[in-house]
Amino acid sequence: MIEQVKGTQNIVDENSTKYLYIRDQFHKSFINYGYSYTQTPHIEYTELFEKSIGVNSEIVSKQMYQFDDKGGRSLVLRPEGTSSIVRYHSQFNKEQTKHYAYFGQMFRYENPQKNRYREFTQGGIEILGQIDEYSDFQVISDSIRFLKNLDLEFTLEINTIGSLEDRNAYIDNLHKYLTLNKDKLSDESLEKLNNNTLRILDSNNKTDFDVIRDAPEILEYINEDSILKFNLLKSLLNKNKIAYRENTKLVRGLDYYNDLTFEFITKDGLVLGGGGRYDRLSEILGLGTFNGVGVAFGIERIMNTIGTVSADPTIYLIGSNINKITEYALFLDDKNINYFKPPRISKLNAQFKQAKNLNARYVINTDEDTIKDLVNNTSVDFDIEVLIEN
RNA sequence: GUGGUCGUAGCUCAGUUGGUUAGAGCACCUGGUUGUGGUCCAGGAUGUCGCGGGUUCGAAUCCCGUCGAUCACCCCA
């Protein structure tokens, strides 16, 4: 037997119903609101992510599916979506300011567990070009519409991490502080001390709590302009009655963020999605000087959090005579009514069972020209009006 | 990358200190029954016991490796 590749999934049955439902809500929440759906390649040059996400991040240093193709190009299966959208924008829309939406598979070489797969799906939006606090605000408020359409409960957490310069100054001081206290840090945090200092603040390890609590706060290092922008956003959120929680420890995993960072978190602490501002990304990539703000959602995480999604009631066609069953199919096609049918002409008994298992509402028995309502358990002579009404 | 648990029919699982032809329920198929039909009855098909090696007269059962699942750490969506 050939097993499937570790960390990949077959999305089937109830999960596929959920998946398609979420994709549909994604469409309705973003694409119908002016975000242009943009599908970029699944493979990119390694360089793109090394420069954007940062070589020190775990995503780039350990988790990329990197390979050389037969032409000797160093390629990766994309680990995230933003960098590709930024690349696209610089190629074709450099001077413009635009809304983008993307939805697709991402790949990271990690050990799989609940809500984490090697091949997974992210749906996200970005605004690129000349942007302002209204751009930040709409990314957040449009995200909330999406999550609310899905009936999800969540908390919005926000933070500002200042400019890249502020952050570097802060990291210097944090590094000094942590080095002084390094004997109180956990082993995991010690590993990060020199190359990923900021991430230590995110530690869930109890050993680190005391040290983190007394650590210097990033707020003290942030320039006035960034503070001003952050306050502007908060007042916009307040005016629009959007609840949020400030979390000064909210640091995101990708190097390219500046100023605003935010996450949508369930009460169990699961991050459904997150994002922020990345004004220098295009510059870091050498692709231009435009700014950006965006968010990405973990589609599997949403699938695992929402309740069951009921499939639409269906009409099921049964019969033992091929000619009659195809005749009915043609008739229904003509009326634009969709229907399910048995995969082959099996025992009528079995066809009934299948209709029941697939939660059919009506069974059309083409042998007898009747319609049976499986919910009320009543049977009537075939009448197209019965189907049109429902 | 680290650790725990697990891997027997399509699915859920049983399989007694290693011992003869590896089982059950559900699902599936056939025939019949039922014509407020999805019920019921009878019969049937289906397994490299994840894969590879080892120990043994003999391994689904013990040992090693490997692949996969799951959960946690790490990391992140």
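Side chains included, hydrogens not; waters and symmetry mates left out as well; all remaining heavy atoms used. Each chain gets a letter, A, B and so on, in the order the sequences are listed, and its residues count up from 1.
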*Test: A:K324 and A:E327 ion pair at under 4.0 Å*: no

*Along RNA chain B (nearest heavy atom to each residue), the more 5'-positioned of A:K6 and A:G298*: A:K6

*Please check if the side chain of A:H27 supplies one atom and the backbone of A:I31 the other of a donor-acceptor pair under 3.5 Å.*
no

*Distance check: side-chain N/O of A:K353 vs OP1/OP2 of B:C28, anything under 4.0 Å?*
yes

_Under 4.0 Å, counting only non-hydrogen atoms across every strand here, what does A:A350 touch: a base, just sugar-phosphate, or nothing?_
sugar-phosphate

Cut-off 3.5 Å, no hydrogens considered: what does the side-chain donor-acceptor table look like for residues 341-353 of chain A, sequence neighbours left out?
{"unit_1": "A:Q351", "atom_1": "OE1", "unit_2": "A:G319", "atom_2": "N", "d": "2.8"}
{"unit_1": "A:Q351", "atom_1": "NE2", "unit_2": "A:G319", "atom_2": "O", "d": "3.0"}
{"unit_1": "A:Q351", "atom_1": "NE2", "unit_2": "A:S346", "atom_2": "O", "d": "2.9"}

*Is a donor-acceptor pair below 3.5 Å formed from side chain A:Q354 to base B:A27, judging by atom type as modelled?*
no

*asked:* Looking at A:Y170 and A:P216, would you say the former's side chain and the latter's main chain have a donor-acceptor pair under 3.5 Å?
replied: yes

*Taking a pair as Watson-Crick or G-U wobble with both distances under 3.5 Å, which nucleotide is matched to B:A9?*
none

_Residue A:R301, side-chain atoms from C-beta onward, closest of B:G37, B:A77, B:A72_ = B:A77

*Looking only at atom P, what distance separates B:U33 and B:A9, rounded to whole Å?*
36 Å

*May I ask you to say what A:V363 touches in the nucleic acid, namely base, sugar-phosphate or nothing, with a heavy-atom cut-off under 4.0 Å?*
nothing

_Any side-chain to backbone donor/acceptor pair from A:S226 onto A:D259? Under 3.5 Å, distance only._
no

*Determine the contact category for A:T305: base if any of its heavy atoms lies under 4.0 Å from a base atom, sugar-phosphate if only primed atoms, P, OP1 or OP2 are that close, otherwise nothing.*
nothing

*Could you tell me whether A:E44 and A:R87 make a salt bridge, using a distance below 4.0 angstrom between a side-chain N and a carboxylate O?*
yes

_Strand partner of B:U33, provided both Watson-Crick or wobble distances fall under 3.5 Å_ = none

*Check every strand shown and say whether A:S379 touches a base, only sugar-phosphate, or nothing at a heavy-atom separation below 4.0 Å.*
base

*When the distance from CD of A:Q105 to C1' of B:A77 is rounded to whole Å, what number comes out?*
13 Å

*Does the ring of A:Y33 carry A:R145 above it, NZ/CZ under 6.0 angstrom from centre and within 45° of its axis?*
yes

_Say we look at B:U8 and B:U16: how far apart would their P atoms be, to the nearest angstrom?_
15 Å

_Earlier contact from the 5' end, RNA chain B, for A:G273 and A:L374_ = A:L374

*Mark yes or no for whether A:D69, through its side chain, and A:R73, through its backbone, hold a donor-acceptor pair below 3.5 Å.*
yes

_Proximity to the side chain of A:E110 - top-ranked nucleotide from B:A77, B:U2, B:U36_ = B:A77

*How far does the P atom of B:U61 sit from the matching atom of B:C49, given to the nearest Å?*
10 Å

*Separation of the P atoms in B:U39 and B:G1, to the nearest angstrom*: 50 Å

*Rounded to whole angstrom units, what separation is found between the CD atom of A:E157 and the C1' atom of B:A77?*
15 Å

*Looking only at atom P, what distance separates B:C74 and B:C29, rounded to whole Å?*
49 Å

*What distance, rounded to whole Å, do you find between the two C1' atoms, one in B:C62 and one in B:A24?*
27 Å

*If you check the A:S346 side chain, which of B:A72, B:A69, B:C29 turns out closest?*
B:C29

*asked:* What I want to check is whether an N or O donor and acceptor connect the side chain of A:R116 with the base of B:C71 at under 3.5 Å.
replied: no

*Ignoring hydrogens and angles, answer whether the base of B:G37 and the side-chain atoms of A:E368 contain a donor-acceptor pair closer than 3.5 Å.*
yes

_Categorize A:K62 for me: base, sugar-phosphate, or nothing, with a 4.0 angstrom heavy-atom threshold over every strand shown._
nothing

*In whole Å, what is the span from the CD1 atom of A:I22 to the P atom of B:A77?*
18 Å

*Using the P atom in both, what is the distance from B:U48 to B:U56, to the nearest Å?*
29 Å

*Could you tell me the separation between the CD atom of A:Q113 and the C1' atom of B:C73, rounded to a whole number of Å?*
8 Å

*With sugar-phosphate meaning primed atoms plus P, OP1 and OP2, does A:G81 contact a base, only sugar-phosphate, or nothing at under 4.0 Å between heavy atoms?*
nothing

*Who pairs with B:G65 - Watson-Crick or G-U, where each distance is under 3.5 Å*: B:C51

*asked:* For a quick check of understanding: with a heavy-atom distance under 4.0 Å over all strands, which category does A:Y117 fall into, base, sugar-phosphate or nothing?
replied: base

_When you measure only distances, ignoring hydrogens and angles, does the side chain of A:N349 come within 3.5 Å of the base of B:U34 through a donor and an acceptor?_
no

*What distance, rounded to whole Å, do you find between the two P atoms, one in B:A60 and one in B:G18?*
13 Å

*Aromatic-base stack, A:F352 on B:G37, cutoff 5.5 Å, angle under 30*: no

*Send over the distance from A:R344 CZ to B:U30 P, rounded to a whole Å.*
5 Å

*How many Å lie between CG on A:N357 and P on B:C28, as a whole number?*
7 Å

*In the strands shown, is B:A60 matched to any nucleotide by a Watson-Crick or G-U wobble pair with both distances under 3.5 Å, and which?*
none

*Mate of B:C73 where both pairing distances stay under 3.5 Å, Watson-Crick or G-U*: B:G1

_Atom-to-atom span, CG of A:N111 to P of B:C6 - whole angstrom_ = 18 Å

*Which whole-number value in Å describes the distance from A:K347 NZ to B:U33 P?*
10 Å

